[in-house]
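Structure first, then comments.
Every chain is numbered from 1 and lettered A, B, ... according to where its sequence line falls, protein lines coming before strand lines. These numbers were taken from a predicted model, which means no experiment stands behind them.
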Amino acid sequence: MNEMVDMMVEFGGMGLANPVFTASGTCGYADELAEFMDVNALGGFVTKSVTLKPRKGNLRPRIVETNAGMLNAIGLANVGLEKFIEEKLPVLRGRSAAVFVNVAGERIEEYVAVVERLANEEPIAGFELNISCPNVKRGGITFGTDAGQVKEITSAVKKASGGKCLMVKLTPNVTDISVTAKAAVEGGADALSLVNTFTAMVIDIESRKCVLANRTGGLSGPAIRPIAVYMVNKVYTEVAKDAGVPILGGGGIRTASDAIEFMIAGASAVSVGTASFIEPGCAVKIIEGIKKYCERHDISKVSELVGTLK
Amino acid sequence: MNEMVDMMVEFGGMGLANPVFTASGTCGYADELAEFMDVNALGGFVTKSVTLKPRKGNLRPRIVETNAGMLNAIGLANVGLEKFIEEKLPVLRGRSAAVFVNVAGERIEEYVAVVERLANEEPIAGFELNISCPNVKRGGITFGTDAGQVKEITSAVKKASGGKCLMVKLTPNVTDISVTAKAAVEGGADALSLVNTFTAMVIDIESRKCVLANRTGGLSGPAIRPIAVYMVNKVYTEVAKDAGVPILGGGGIRTASDAIEFMIAGASAVSVGTASFIEPGCAVKIIEGIKKYCERHDISKVSELVGTLK
Amino acid sequence: MTEQAAKTKGKFSASVSFNRQIKPRYWRLGLEFSGEGAVAFGGTRPGQFAELDLSGAAVPAEKAIPEDLRDAAKREVLLRRPFSFAKVESKKGKTHVDILYCVLGPATLRMTTLGHGDVVSVIGPLGNGYKAAEGEKRAILVAGGMGAPPMQHMAQELTAEYPTMDVIAFGGAKSVDDLPFETRPDQILKELGFYLREFAEYGIQSMVATDDGSAGFAGTVTDCLADWLGRNEVNANETVIYACGPEQMLAAVAEIAKERHIDCQVSMERLMACGIGVCQSCVVECKCDGDTEYKLCCKDGPVFDAKEVVF
Amino acid sequence: MTEQAAKTKGKFSASVSFNRQIKPRYWRLGLEFSGEGAVAFGGTRPGQFAELDLSGAAVPAEKAIPEDLRDAAKREVLLRRPFSFAKVESKKGKTHVDILYCVLGPATLRMTTLGHGDVVSVIGPLGNGYKAAEGEKRAILVAGGMGAPPMQHMAQELTAEYPTMDVIAFGGAKSVDDLPFETRPDQILKELGFYLREFAEYGIQSMVATDDGSAGFAGTVTDCLADWLGRNEVNANETVIYACGPEQMLAAVAEIAKERHIDCQVSMERLMACGIGVCQSCVVECKCDGDTEYKLCCKDGPVFDAKEVVF
Ligand SMILES: Cc1cc2nc3c(=O)[nH]c(=O)nc-3n(C[C@H](O)[C@H](O)[C@H](O)COP(=O)(O)OP(=O)(O)OC[C@H]3O[C@@H](n4cnc5c(N)ncnc54)[C@H](O)[C@@H]3O)c2cc1C
Ligand SMILES: Cc1cc2nc3c(=O)[nH]c(=O)nc-3n(C[C@H](O)[C@H](O)[C@H](O)COP(=O)(O)OP(=O)(O)OC[C@H]3O[C@@H](n4cnc5c(N)ncnc54)[C@H](O)[C@@H]3O)c2cc1C
Ligand SMILES: Cc1cc2nc3c(=O)[nH]c(=O)nc-3n(C[C@H](O)[C@H](O)[C@H](O)COP(=O)(O)O)c2cc1C
Ligand SMILES: Cc1cc2nc3c(=O)[nH]c(=O)nc-3n(C[C@H](O)[C@H](O)[C@H](O)COP(=O)(O)O)c2cc1C
Ligand code: FES
Ligand code: FES
C-alpha cells in the first residue's frame, strides 16, 4: 500500500489509525475474526452491547434474511458488566484499534452504572450509547425517539464517562433524525453514530406467524444504505458540522465505495456490520479500498473527503 | 382458475373484484400496461398523482437503482387537473378495476380543489391523498409527518369528496405511523394506504454529487418490504382494526407470497409498484397466486386472510 | 414462450445462441426468439431497444471482474436494462438478434456469464426507432462509443431496403481499445475506405476516429465527420444523418447538421426504470412552441429529430 | 486462493467438480480445494460444516424451478448458507468434499446452477464435529431427512479410523422420494442388510425407514431404531449413537439413548447469520447446573451431547 495517503482521522478528541470500525453486535469481541483479518488494522472496534446484568437474549429464531438485508432480534444477549470486565476486556487489551464499549439498558441509571464502572478501564477509548432500547420506565418507548430523553440520558452518562469519548448511537426510526442528533449534542455527546437498525417484520405465510420469536427485529444490510446515507448527510449538514461533532456513519456498508459514500455524506468514520457475516475480512479490505480511491483521486489525507458532497 | 375461492374484498364501502391494486406512479394510466396484462383483471388502479396545475417534474436523473430497491424523484410530473379530465379519464372509463385518483398539492386548498372538481366524475371510485409532499405554507415540512396537519387535510378533503372513498396514503418517514394513521381516521379517512417511499440518497463517489438531480429521492422496492409489513401490522392492530378502516398495504411486493404477507399483517388490499417495472404483468400474476394459496389452504374467501397474524 | 396472443411487443423468453468477448470491455450477445417473440422482434426497427432482466444471471468469478468494477459487482440488480440491437435476422420462424454491449456495472458484468442455451427474459421491441430513409439518396451513420450497435443495425436495414443508397459510416471512440468493433486495427483496410468489417459486410464505407489517434482519424468522430463533409460534396436535401452516442457528441452532430441544413436523427440514452412509458424517469427536454417540454426517451424516443432536442 | 497464511479454518475458493441431481429435490455437489484450502478442509471432522456464498450463482430458468419455489426464487440471497459434508477426501495436495443438499429456497435453488469449474467462496471448516469414537465398539448412525450427509461422512471416518468397529446406519424420510440417497428402491439389497449404497460402500449395514412405508421400514427412523434395538443386543457402555436430522427426531433419539444409557451425540441445525460465533443468532438451549444457558450452534456445536440439549 502506498504510504502517501494519510489514513488518520480525528474522532471525538482522539486520532484513529483509519476511519473504519466494526459495528456493535456484528464482530463479537474481535478474536473470532482474527482468522479472517488483521484485527489490529482496524481504526475502531465497537463491542456488542453491554448491560449491567447478564442477558440471555431473545428466544429463537433471532434472525431472518430479507431482500438485501436481514432482521435481527438478538435481544442484547451479553455476559453482563462484570463478566465483560473479567473475560472480554483482557482480550481487547491487546488490540491496537480504538475500543468503544456499546452500552445498553432499560433505565438511565443502568447506563450510568455501566459507564461509571468502565470509565477508568483500559483499553476503552470511549462508549457508544445504544439508545434504541425500550425505556421500561416510560412504557417501553425507546429512549432514542424522544429528544428530551436523548438529551437527558446523554448528559447523565457524560458525567459518568470520566472524560472518555461519548458517542451516541441514533435510531433511524424517527421523523427527523436531526432533532435527536441535536439533543445528543446538547447533552454533551462527543460523537454521533448512525444508523441503528429499522424496526421491521417478516411473516411466514404458511404458519401465519412472525418468523422471529420476538415478532419484530431490526433491519440491517445493503437494503438500508440509501436511507442511512441520507440521514448521515442530514445530520452532518444540519447539526454535526457546525457543532464540530464527528459522525460514525453506517448501514449496509459492504465495499470501500459504500464507505466513501458515507464519508462524502459527512461521516468522519464508518462502521461495517452485517457485511462482516458474509465476508469476515471485509472491514480491512475496505480500508485498503479507501486508500486506493484516495490515491486515484490524489487525496493525501482521507479526512479531506468528509462532508464534501457537492 | 378454481372459481371456488371468493376473491372479492370489501374496501372503504365498495366491493372490489380482488385485493390487488397497482400503485400510484408506477403504472401510468393503465393503457401502457395493456400489452402485458389484462388490466381489467385488477381489483383497483391508482393513478399517478394529479395536481391542480400541470407539473413538468424534476430535472433528471430522476431515478437510481439501489440494492433490492430504487430511488425516484419524479417530482409529481403530471398533466394537471384539466388535462387529466380531458385526456386520461376517458381512457380509464373503459376499465373494470376500481379507479382511485391520487391527489397531491402544496397547500390544502389545492387538494380540495382537485377533489371537488373530480367528485362527480366517472369512473372514479375514490381518491388517494398523497400527503408526502412538502407543505409550502409550513416551510416545506411534509403534511404527512404531522398528525395535526394530517387530520386537517383529511377532513377538508373529505368534505369535498362527494361521498367517494377517501384513502389517505401515509408516509413511513415518521417515528410512530399509528399516530398519523389515527389522525387520518379522525379526519374521516375511509381507508388508509401505506407505505409511501422512504427518503434516501445515493452519491456518485467519482463526482461527489448526488445521483438524483433532486439530491434525495424515495426508496421503494423489495428492500423496504419488511419495514412496510411491520408498519401495516402496527397500524392494523393499533388503529385500523378497531376503527373498521381497511388498509391498502404495499412496499416491495413482487410475488403472491409478498402480497399474502401484507394481508396476514392486516391489509385488506395490496398495491404493487416498483415490481411492475420489472414484470409489467406481475399484478395479475399475483392475483392468480393468491387464489392458488387460498385453494391450497382451504380458504374460501380471500378476505378471511386479513389480519390473521398469530 | 409468450404471455399473450399475437402482438408487436411484449415479454418474451429468448435463448442465448452465443456470447463472445470482442474487446477487453466489449461483448456481443446473440439471442434467439421463437414463436411470438420471433414475430414481434422480427419487426424491430434500428434504434428500437429491449429491456433485459439480468438479475438472475451469475456474477463472474472475482478474478474475471476488472478491478474498477469489483465494488459494483456486489450491487444487486433489480431493474431491467435497456439495450439496442446491432443486427436482427428472421429465418425459419426464428428471429436472431445481436446485442453489442459494454461492461460497465453489475448488470453488464452478469451478462458476460450467459452461455449458450441460457434463457433470458426480454421485453420489447420498445421505443420508436429511426425513421425510414424514404426519398433520401445518401445516409451518414455516426456512431460514438457504445452508439455503435444501432448504427450497425441501420447499416443492415439500409442495405436491404435501399440498395442504391449512398451510405457512409463514422465510428469513433477514445482509443483503439474502446472501439466497439471486432475489427482489429491491423485488419483496417485503409486503402479502400472499408475500415470496419461491421459496415464492410454490407458494402458500406466507414471511417474510424479516435481521440488519441491510436487508430484512424486523430480527433472526435464529429471532427472526423466535419472534416469529411468539408472535403466531399453532399446534397443536403437528399441526405440524412443517423447518430447514436454520448450526449455531447450528439449535440455536436446536431450542430453540424443544423449548419448544413441536413436532416438528422439522434438516439438518446437515459436511465430507465420501466422502458415502457409508465415511470416518467427517462425524460428528454424537447423544444415545443417556443417553450420546452419533457418527452419520454423510452416511448417518444429513443430516436428524436436533432432539431427538437434541447441538448 | 487463501487470504492468509496456514490455518485450520478460513475463507477459501473452491472449484466445482460436479453437481448432479440425485432425486427430484436432492443434489450432490463436489468441491475441490487446493493449496491452503486443501489443508484446512483436509482436516474436516464429520459434523463440521462450511458457509457457502451462493449470492452470485445464477437463478435457474423459470421452468426449472418447482412451482412451490417460484416466489422464493425471486428473493435475493445475502447471507452465506451452512452445509455439512457427506464425504471428504484428500489426495495429491487437493481436498475433495461432497455436499449433499436439498432444494428448499433461493440459495439452494441457485446452487443447482453451479457447473464444473465454477468458483465458490467457502468459509470453513466450522463448528466442532462429532467426537471421535475412541474406545467404543459399536456405532449407530441415525440420519433423518437431510441429516444424511454428516452420517455418510461419519461412515467414511469410522471405516477409516476404526476398521474393527461394528457400525450400523439408519436412514429415514417421509417417503421414498425424500430419501436423500442415490440408491434407488429397486437397488436396495434387502437380503444382506446393505440397503443403502452410500453406507454399503464402506461395508456398513443400513436400514431404511419411510413414514409412509414406501420403502423399507414403515414408520419413523426412530421407530425403526427402537425396533432394531429391541431385537438386538447392544452393550450400552461400548456403544455410541450419532444422530443428525430434524429437531423432533433428535429429541426422540435422545430419549431412546437416555432410556438405554447409550452415549449419544446429535447435530443441531439453526438459522445462521455468520457461522463463526459473532452474531449470536444460532442459540441452542443447553442444561447447565440445574439451570439452562444458550450455547452457539455454530461455535459450540453443531454437535452436542444429547443429554445436554433442552429439546
Ligand atoms: C435506449 C438505450 C439503448 C442502449 N443500448 C445499449 C447497447 O446497445 N449496448 C450497451 O452496451 N449499452 C446500451 N445502453 C446502455 C445500457 O443500458 C447500460 O450500459 C446498462 O444499463 C448498464 O448497466 P450496468 O448495471 O452494467 O451498469 P450501471 O451501474 O447501471 O451503469 C454503469 C454506468 O453507466 C451509466 N449508465 C447506465 N445506464 C445509462 C444510461 N441509460 N444512460 C447513460 N448512462 C448510463 C451509469 O450512470 C453508470 O455510470 C442503452 C441504453 C439505452 C437507454
Ligand atoms: C450446521 C448445518 C449444516 C447443514 N447441512 C446441510 C446439508 O448438508 N445439506 C442441506 O441440504 N442442508 C443443510 N443445512 C441446511 C441448509 O443450510 C439450508 O437448507 C439452506 O440454508 C437453505 O437455504 P435456502 O435459501 O435454499 O432456503 P431458505 O429459504 O433459507 O430456507 C428454506 C426453508 O428451510 C428452513 N431453513 C433454512 N435454514 C434452516 C436451518 N438452518 N435450520 C432449520 N431450517 C432451516 C427455512 O426456515 C425455510 O423454511 C445445514 C444447516 C446447518 C445449520
Ligand atoms: C446481528 C446483529 C446484532 C446487533 N447487535 C447490536 C447491539 O448489540 N448493539 C447495537 O447498538 N447495535 C447492534 N446491531 C446494529 C449494528 O451495530 C448496526 O448499527 C446495524 O446493523 C446497521 O449496520 P449494517 O447494515 O452495516 O449492519 C446489531 C446488528 C446485527 C445485524
Ligand atoms: C417511479 C415512481 C413514481 C411514483 N409516483 C408516485 C406518485 O405520483 N404518487 C404517490 O402517491 N406515490 C408514488 N410512488 C410511490 C408508489 O406508489 C408506492 O407507494 C411506493 O413505490 C412503494 O411501493 P413499491 O415498493 O411496490 O414500489 C411512486 C413510486 C415510484 C417508484
Ligand atoms: S423508462 Fe419509464 S417512462 Fe421511460
Ligand atoms: S451463526 Fe452467528 S453466532 Fe452462530
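- Although no hydrogens or angles enter the test, the distance criterion places a donor-acceptor pair under 3.5 Å between the side chain of C:Asp71 and the main chain of A:Ser257.
- Separating the CZ atom in C:Arg70 from the OG1 atom in A:Thr255 is a distance of 13.0 Å, to the nearest 0.5 Å.
- For A:Glu304, the CD atom counts as densely surrounded, since its 6.0 Å shell holds more than 12 non-hydrogen atoms of other residues, nucleotides or ligands.
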Just distance, no hydrogens or angles: give the donor-acceptor pairs under 3.5 Å from side chains in residues 24-31 of chain A, sequence neighbours left out.
| residue | atom | partner | partner atom | Å |
| --- | --- | --- | --- | --- |
| A:Ser24 | OG | A:Thr47 | O | 2.8 |
| A:Ser24 | OG | A:Asn102 | ND2 | 3.3 |
| A:Thr26 | OG1 | A:Ala23 | O | 2.7 |

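- Annotation: residues 200-225 of chain A contacts chain C through no residue [non-hydrogen atoms, separation under 4.5 Å].
- Nearest approach of A:Arg254 to C:Lys74, heavy atoms of both residues: NH2-O, 2.8 Å.
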